[in-house]
Student: 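Before anything else, here's the structure in question.
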Amino acid sequence: MSAPASLLESLVGIASRHAGTRDARTLVPGLSIWSAHGPSQAIPGLFEPAFYLLAQGSKRLTFADSEHDFHPGMCAVALVGLPFSSRVVEASVDKPYVGLSVRLDAGVISSLLIDMSEPPLRRRDTITIMQAEPLVLDALARLLALLDTPADIAVLAAQFEREFCYRLLQGPMGSQLREMGGYGARFWQIRKAAEWIATHANQPMSIAQLADWVGMSVTSFHRHFKAVTGHAPLAYQRYIRLFHARQQLASGAGNVTSVAFAVGYANASQFSREYKKCFGVPPVNDVLRSA
């Protein structure tokens, strides 16, 4: 069932009033607003565990070898950090691209599952992309509307977040979200490993030790890690290193060599080669852009 146009228009209206120019985060914890007034080049990123909605405009997201075109009313949920690139395809000053994201809290999901019966298992994917359901958008609208009454955020945000997550659990995305709430031991083993890599990306990594730490054989770990994230463990670590490096270069945190060493590279030349292969430009370009 597609979302009514009036509901999307309401979301766009509120979001447009509160969209920031630099920081997508809002006063409501976990809620972010993304906007652009024109098409963009592909931008790499890490799709954190979150619900994402495209409210206006269009965008193309690429995960590993798969591409997805997003149009108004389409949404996505991912439960583990996924490397991706995104490009705004349709946006203008009069009708900007508007996207919303809500960080998914495993604690909220788990507490809701205590009071819910478990439905029949369906196919689970690392990322689910579909048309947003009206009940989900209705709950999201209440959470978003708190930006118009900031004094209510401290009292009502948690309640509206819980309602929003409940609506997600009731719908087609519910089976996937149950993984976050504690179902699916294999998923949690891979997520635990991915989170360790993300927070220790600048350190040497032993695949055998990491597999043993999460209680899996090396062969099984390789197979399931790639199935969940779309990348082999070492390729995932490499992307995280390069992603962190780009953030540091863009913020002016250091030069190419110092940043290369900071994110875990022992060779600046190798860093530059892999950086250009990943992002399409040499790292010095991002240093100059931040100057």
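The structure displayed is predicted, hence computed values, not measured ones.
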Student: Determine whether Lys192 and Trp196 satisfy the following criterion, side-chain contact (heavy atoms from CB on, under 4.5 Å), listing intermediate values before the conclusion.
Tutor: CA-CA 6 Å; Lys192 181 180 179 182; Trp196 186 92; over 6 Å; no
Student: side-chain contact (heavy atoms from CB on, under 4.5 Å), that's the test. Do Glu161 and Val108 meet it? Break it down for me.
Tutor: CA-CA 8 Å; Glu161 178 190 8; Val108 173; 4.0 Å; yes
Student: Taking the side chain as everything from C-beta on, heavy atoms only, tell me whether Pro233 gets closer than 4.5 Å to Phe221.
Tutor: yes
Student: Are Phe164 and Phe160 close enough that their ring centres sit under 6.0 Å apart?
Tutor: no
Student: Does Tyr275 reach the side chain of Val256, with side-chain heavy atoms less than 4.5 Å apart?
Tutor: no
Student: Could you give the side-chain donor-acceptor pairs of residues 138-156 under 3.5 Å, partners two or more places apart or in another chain?
Tutor:
from	atom 1	to	atom 2	distance (Å)
Asp138	OD2	Arg142	NH1	3.0
Asp138	OD2	Arg142	NH2	3.1
Arg142	NE	Glu163	OE1	3.2
Arg142	NE	Glu163	OE2	3.4
Arg142	NH2	Glu163	OE2	2.5
Asp148	OD1	Arg17	NH2	3.4
Asp148	OD1	His18	NE2	2.7
Asp148	OD2	Arg17	NH2	2.6
Thr149	OG1	Asp152	OD2	3.1

Student: Would you call the rings of His231 and Tyr236 parallel, tilted or perpendicular if under 30° counts as parallel and over 60° as perpendicular?
Tutor: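 Correct class here is perpendicular.
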Student: Taking the ring centre of each residue, are Phe271 and Phe261 less than 6.0 Å apart?
Tutor: no
Student: In residues 209-220, what donor-acceptor pairs under 3.5 Å come from side-chain atoms, sequence neighbours left out?
Tutor:
from	atom 1	to	atom 2	distance (Å)
Ser217	OG	Ser220	N	3.1
Ser220	OG	His224	ND1	3.2

Student: So do His222 and Ile207 actually touch side chain to side chain, heavy atoms under 4.5 Å?
Tutor: yes
Student: Give a yes/no verdict on a cation-pi contact between Arg246 and Phe279, requiring under 6.0 Å between NZ or CZ and the six-membered ring centre and an angle within 45° of the axis.
Tutor: yes
Student: Backbone N or O of Ala268 within a donor-acceptor pair of the Ser272 side chain at under 3.5 Å?
Tutor: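 Confirmed, Ser272 side chain pairs with Ala268 backbone.
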Student: Let's go through Leu104 and Leu168 carefully: what are the C-alpha distance in whole Å and the side-chain angles of both, what is the deciding distance for side-chain contact (heavy atoms from CB on, under 4.5 Å) to 0.1 Å, and is it a yes or a no?
Tutor: CA-CA 10 Å; Leu104 296 174; Leu168 286 178; 4.1 Å; yes
Student: Check whether more than 12 heavy atoms from other residues, nucleotides or ligands sit under 6.0 Å from atom NZ of Lys226, and answer yes or no.
Tutor: no
Student: Tell me, do Val28 and Val102 make a side-chain contact under 4.5 Å, heavy atoms counted?
Tutor: no
Student: Using a 4.5 Å cut-off on heavy atoms from C-beta on, say whether the side chain of Pro44 contacts that of Tyr239.
Tutor: yes
Student: Hey, is the main chain of Val12 close enough, under 3.5 Å, to the side chain of Ser16 for a donor-acceptor pair?
Tutor: yes
Student: Using a 3.5 Å cut-off and no angle test, enumerate the donor-acceptor pairs between side-chain atoms of residues 72-90 and protein atoms at least two apart in sequence or in another chain.
Tutor:
none

Student: Test Arg238 against Tyr265 for side-chain contact (heavy atoms from CB on, under 4.5 Å), laying out the working first.
Tutor: CA-CA 9 Å; Arg238 181 167 59 249; Tyr265 278 84; 3.5 Å; yes
Student: Applying side chain to side chain donor-acceptor pair (under 3.5 Å), run through Gln270 and Arg273 and close with a yes or a no.
Tutor: CA-CA 5 Å; Gln270 180 187 3; Arg273 287 195 304 272; 5.3 Å; no
Student: Are the side chains of Pro172 and Met130 in contact, using a 4.5 Å heavy-atom criterion?
Tutor: yes
Student: Does the side chain of Arg162 pick up a donor-acceptor pair with the side chain of Gln159 at under 3.5 Å?
Tutor: no
